[in-house]
There are 2 protein chains.
Amino acid sequence: MNIIEDLNWRYATKRYINKEVPAAQIDTLLESIRLSATSLGLQPFEIYDIRSSELRVKMREAAYNQPQLTEASHVFVFAVWTEVTEAMVDSYLQFVAEVRNREISQLDGFRKSILGFLGGKSAEEIIKWSSNQAYIALGKAMVSAAQMRIDSTPMEGFNRQVMDELLGLRDKKLHASVILTVGYRDTENDPIANAQKVRKPIHQIHRII
Amino acid sequence: MNIIEDLNWRYATKRYINKEVPAAQIDTLLESIRLSATSLGLQPFEIYDIRSSELRVKMREAAYNQPQLTEASHVFVFAVWTEVTEAMVDSYLQFVAEVRNREISQLDGFRKSILGFLGGKSAEEIIKWSSNQAYIALGKAMVSAAQMRIDSTPMEGFNRQVMDELLGLRDKKLHASVILTVGYRDTENDPIANAQKVRKPIHQIHRII
């Protein structure tokens with residue numbers, strides 16, 4: 001098994017069967033997200049793991065009635081930071097110092113870089129930056145799922161304002177950026193399950209300079 | 001070998017040794033990017049593979065003198081779409097119809113969805129959308145590289161305007177979104193090579209509702 005087989009196996013699943021992904025595999029999936037690279041190491045997102053059926057029904061209404069939100073085994077919302085305060089940066093640096101056994105003063109330069117990079121950014125710019133980091137983790141999570149032969153669907157088609165309200169994200173300075181549903185494909189009812197994958201040939205997207 | 005080992009092995013490499021990644025492995029890396037999922041299947045980016053040393057020196061100047069740009073075996077720039085015209089959508093639908101052996105008229109609903117979603121967007125919004133897709137592919141490429149024990153560095157710290165100019169992207173309605181360098185870590189000269197990985201414990205970023 002290698003990543004090319006895994007990626008050819010996976011597709012954007014539209015319909016799921018009613019079968020739960022084992023907890024140990026969900027742990028692996030979450031670990032793939034946790035280990036993902038993020039800008040400056042800040043990990044500027046939280047993963048909301050939606051187990052409430054009532055909430056899932058409401059989320060589906062806020063997402064053009066897409067069935068994955070109620071059918072999938074698990075629904076993960078990448079809730080990204082909308083602000084980065086100095087206190088958050090300092091708490092992060094404290095953690096770095098502990099893990100790497102350094103004096104906090106040794107991280108002064110790093111602190112300046114972080115604040116220099118993020119300091120002047122608007123909420124919208126912070127969301128763009130934190131979303132980018134969530135999307136890297138999303139890509140890794142999709143590979144992780146495919147490697148375990150778990151189907152997944154990245155979902156961008158939903159009303160972000162309503163989703164933020166449903167999950168109570170605004171007060172926590174978070175924003176629903178993108179959703180990943182995981183589970184097992186319903187080959188009988190998913191019209192895309194057996195469709196040929198559509199991808200441009202590599203020479204159309206690869207330019208050597 | 002599994003993805004958790006791969007992700008624990010990798011780190012954001014700062015210094016590379018002078019050793020080339022074999023072409024066959026670069027092909028696998030590019031194939032991982034090509035197979036990545038994108039919104040509506042549009043694959044709204046191109047991969048600029050920078051082989052010119054002169055260009056790499058200039059790119060490094062536009063990127064706070066980060067050594068990866070001249071030291072790494074390969075430098076890939078994710079150049080994302082800045083606009084989506086009806087002609088581009090129609091050419092894509094033609095391709096989908098061919099691959100899936102459908103009549104183009106069967107894709108009328110899909111065409112309407114795409115134009116409805118992308119039609120009113122500003123250049124800035126298109127870039128945000130296309131960048132998100134590039135970041136999913138970036139995440140997959142990083143896993144792909146790690147699986148082959150190739151080091152990689154995702155790079156956001158560069159002057160995008162200068163980079164666009166250096167690569168002549170503006171005329172092609174493209175924009176330098178993010179860079180991935182790949183190669184082999186220089187364990188002697190990279191101060192981060194043996195540092196402990198810093199990641200929050202999962203309970204700090206995982207919320208069950």
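Each chain gets a letter, A, B and so on, in the order the sequences are listed, and its residues count up from 1. In this text the structure is predicted, and so the values were computed from the model without any measurement.
If you tally non-hydrogen atom pairs under 4.5 Å between each of B:Val99, B:Val143, B:Ile208 and chain A, the highest count goes to B:Ile208. Between chain B and the options A:Val96, A:Leu30, A:Thr28, the largest number of non-hydrogen pairs under 4.5 Å is found for A:Leu30. Ranked by heavy-atom pairs under 4.5 Å with chain B, the list A:Ala195, A:Pro154, A:Gly41 is led by A:Ala195. Comparing B:Glu156, B:Gln133, B:Lys200, B:Gln204 by how many heavy-atom pairs each has under 4.5 Å with chain A, the most go to B:Lys200. The candidate with the highest count of non-hydrogen atom pairs below 4.5 Å against chain B, out of A:Asp27, A:Thr38, A:Leu7, is A:Leu7. The choice from A:Gln196, A:Lys197, A:Arg100 that makes the most heavy-atom pairs within less than 4.5 Å of chain B is A:Arg100. For the set A:Ile4, A:Ile50, A:Leu138, the count of heavy-atom pairs under 4.5 angstrom toward chain B peaks at A:Ile4.
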Where do B:Thr181 and B:Tyr16 land on the side-chain contact (heavy atoms from CB on, under 4.5 Å) test, with the steps shown first?
CA-CA 10 Å; B:Thr181 61; B:Tyr16 288 91; 3.1 Å; yes
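By the 6.0 Å contact criterion, NZ on B:Lys173 is open, its count of non-hydrogen atoms from other residues, nucleotides or ligands being 12 or less.
Of all heavy-atom pairs spanning B:Ser36 and A:Arg199, the tightest one is O-NE, 3.2 Å.
Only the backbone of B:Leu42 comes within contact range of chain A, judged by heavy atoms closer than 4.5 Å. For A:Ala37, the parts lying under 4.5 angstrom from a heavy atom of chain B are both the backbone and the side chain. Within the 4.5 angstrom heavy-atom criterion, atoms from both the backbone and the side chain of B:Glu31 approach chain A. For A:Met155, no part sits under 4.5 Å from any heavy atom of chain B, backbone or side chain.
Note on residues 41-51 of chain A: pairs passing side-chain hydrogen bond (donor to acceptor under 3.5 Å, both in side chains), not counting sequence neighbours, are A:Glu46-B:Arg207, A:Asp49-A:Arg51, A:Asp49-B:His206.
With respect to the salt-bridge test (charged N to carboxylate O, under 4.0 angstrom), the residues B:Asp151 and B:Arg185 qualify. The existence of a salt bridge linking B:Lys128 and B:Glu125 is excluded, since no basic side-chain nitrogen approaches an acidic carboxylate oxygen closer than 4.0 Å. B:Asp164 and B:Arg170 are not joined by a salt bridge, as no carboxylate oxygen comes within less than 4.0 angstrom of a charged side-chain nitrogen.
In summary, the side chains of A:Gln147 and A:Glu5 do not present any donor paired with an acceptor at a separation below 3.5 Å, with no hydrogens or angles considered.
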